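A short write-up of the structure that comes next.
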Amino acid sequence: MASVSATCPRFQPLFSQSNKTSRAAGLKLDSVGWAKCTGFPPLKASRFRVSCSAKPETVEKVIEIVKKQLALKPETVLTNETEFVELGADSLDTVEIVMTLEEEFDINVEEESSQNITTVQEVADMIEKLVQKKAEGES
């Protein structure tokens, strides 16, 4: 699982060599803030993250299971960033969700791993990792 995190990216042309910060494909990462740049819409975020995430079908299955376990209305919208706390889930609910996911995906989740998950995306990523690890072990 790859991820890249940076604080306060600054867009500047490649030909400007006055600052000694890292550059990649015209993107300069700097700890100062967003530079005004023509051609880019104003960006308000102070952090961005690029990561390899779980397959969409895994995320959808996780969402389906979470909705069922927490008895949420079918029209309730969950996203990758939805936190279990926002849904009113307590630690027992989280344990039940993890147990259902273990059965559904035929995996075993270690207790310390399950205690660190807070969002739908984190669960889906963990499942992908465990399914891949299991497949590699069977090969």
Side-chain angles (χ1 to χ4, degrees):
M1 181 135 338
S3 83
V4 176
S5 293
T7 303
C8 303
R10 181 179 285 205
F11 296 97
Q12 289 189 348
L14 283 175
F15 54 81
S16 172
Q17 298 295 325
S18 62
N19 200 330
K20 297 180 181 178
T21 55
S22 300
R23 297 172 198 269
L27 173 67
K28 183 174 99 173
L29 302 177
D30 195 329
S31 61
V32 178
W34 292 105
K36 294 196 181 226
C37 185
T38 323
F40 289 99
L43 301 171
K44 295 180 182 174
S46 62
R47 291 180 54 88
F48 73 92
R49 181 176 177 180
V50 178
S51 64
C52 298
S53 59
K55 298 175 194 170
E57 56 269 16
T58 302
V59 174
E60 286 302 314
K61 193 67 175 175
V62 169
I63 288 173
E64 178 184 314
I65 289 170
V66 168
K67 282 183 174 184
K68 183 177 178 183
Q69 285 298 127
L70 297 178
L72 300 175
K73 295 178 182 176
E75 62 270 9
T76 303
V77 177
L78 302 182
T79 67
N80 296 6
E81 294 81 27
T82 301
E83 295 184 8
F84 297 127
V85 173
E86 293 173 12
L87 302 172
D90 60 16
S91 58
L92 180 58
D93 292 323
T94 305
V95 169
E96 290 175 353
I97 290 168
V98 169
M99 289 172 54
T100 304
L101 292 167
E102 286 178 325
E103 289 176 24
E104 182 67 33
F105 290 95
D106 193 28
I107 56 172
N108 292 316
V109 178
E110 295 178 15
E111 186 176 339
E112 53 272 359
S113 295
S114 66
Q115 292 174 350
N116 295 327
I117 55 173
T118 58
T119 67
V120 169
Q121 185 66 52
E122 289 172 357
V123 172
D125 290 343
M126 178 188 65
I127 289 169
E128 289 285 328
K129 182 179 171 185
L130 291 171
V131 167
Q132 182 179 10
K133 188 175 178 181
K134 182 178 178 183
E136 290 171 358
E138 292 176 355
S139 301

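In this text the structure is predicted, and so the values were computed from the model without any measurement.
At least one side-chain heavy atom of Ile107 sits less than 4.5 Å from a side-chain heavy atom of Val131.
The neighbour count for Glu57 CD, taken as heavy atoms of other residues, nucleotides or ligands under 6.0 Å away, is above 12. More than 12 heavy atoms of other shown residues, nucleotides or ligands fall within 6.0 angstrom of atom CD in Glu112.
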With a 3.5 Å cut-off and sequence neighbours excluded, list the donor-acceptor pairs that the side chains of residues 61-78 form with protein atoms.
residue	atom	partner	partner atom	Å
Lys61	NZ	Glu64	OE2	3.4
Lys61	NZ	Glu104	OE2	3.4
Lys67	NZ	Pro74	O	3.1
Lys67	NZ	Thr76	O	2.7
Gln69	OE1	Thr100	OG1	3.1
Thr76	OG1	Lys73	N	3.4
Thr76	OG1	Lys73	O	2.9

For residues 86-98, which side-chain donor-acceptor pairs fall under 3.5 Å, sequence neighbours excluded?
residue	atom	partner	partner atom	Å
Asp90	OD1	Leu92	N	3.1
Asp90	OD1	Asp93	N	2.8
Asp93	OD2	Asp90	N	3.1
Thr94	OG1	Asp90	O	3.1

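Between Ala54 and Gln121, the closest heavy-atom pair is N-NE2, 3.5 Å. Minimum heavy-atom separation, Ala124 to Val59: CB-CG2, 3.7 Å. Nearest heavy atoms, Val109 versus Glu102: N-OE2, 2.7 Å. Closest approach of Asn116 to Glu122, counting heavy atoms only: O-OE1, 3.6 Å.
With sequence neighbours excluded, the residues that form a side-chain hydrogen bond (donor to acceptor under 3.5 Å, both in side chains) with Asp106 are Lys134.
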Side chain to side chain contact (heavy atoms under 4.5 Å, CB included) assessment of Leu130 paired with Asn108: CA-CA 8 Å; Leu130 291 171; Asn108 292 316; over 6 Å; no
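How far CG of Asn80 is from OG1 of Thr82: 8.0 Å, rounded to the nearest 0.5 Å.
No side-chain N or O of Gln132 forms a donor-acceptor pair with one of Glu128 less than 3.5 Å apart.
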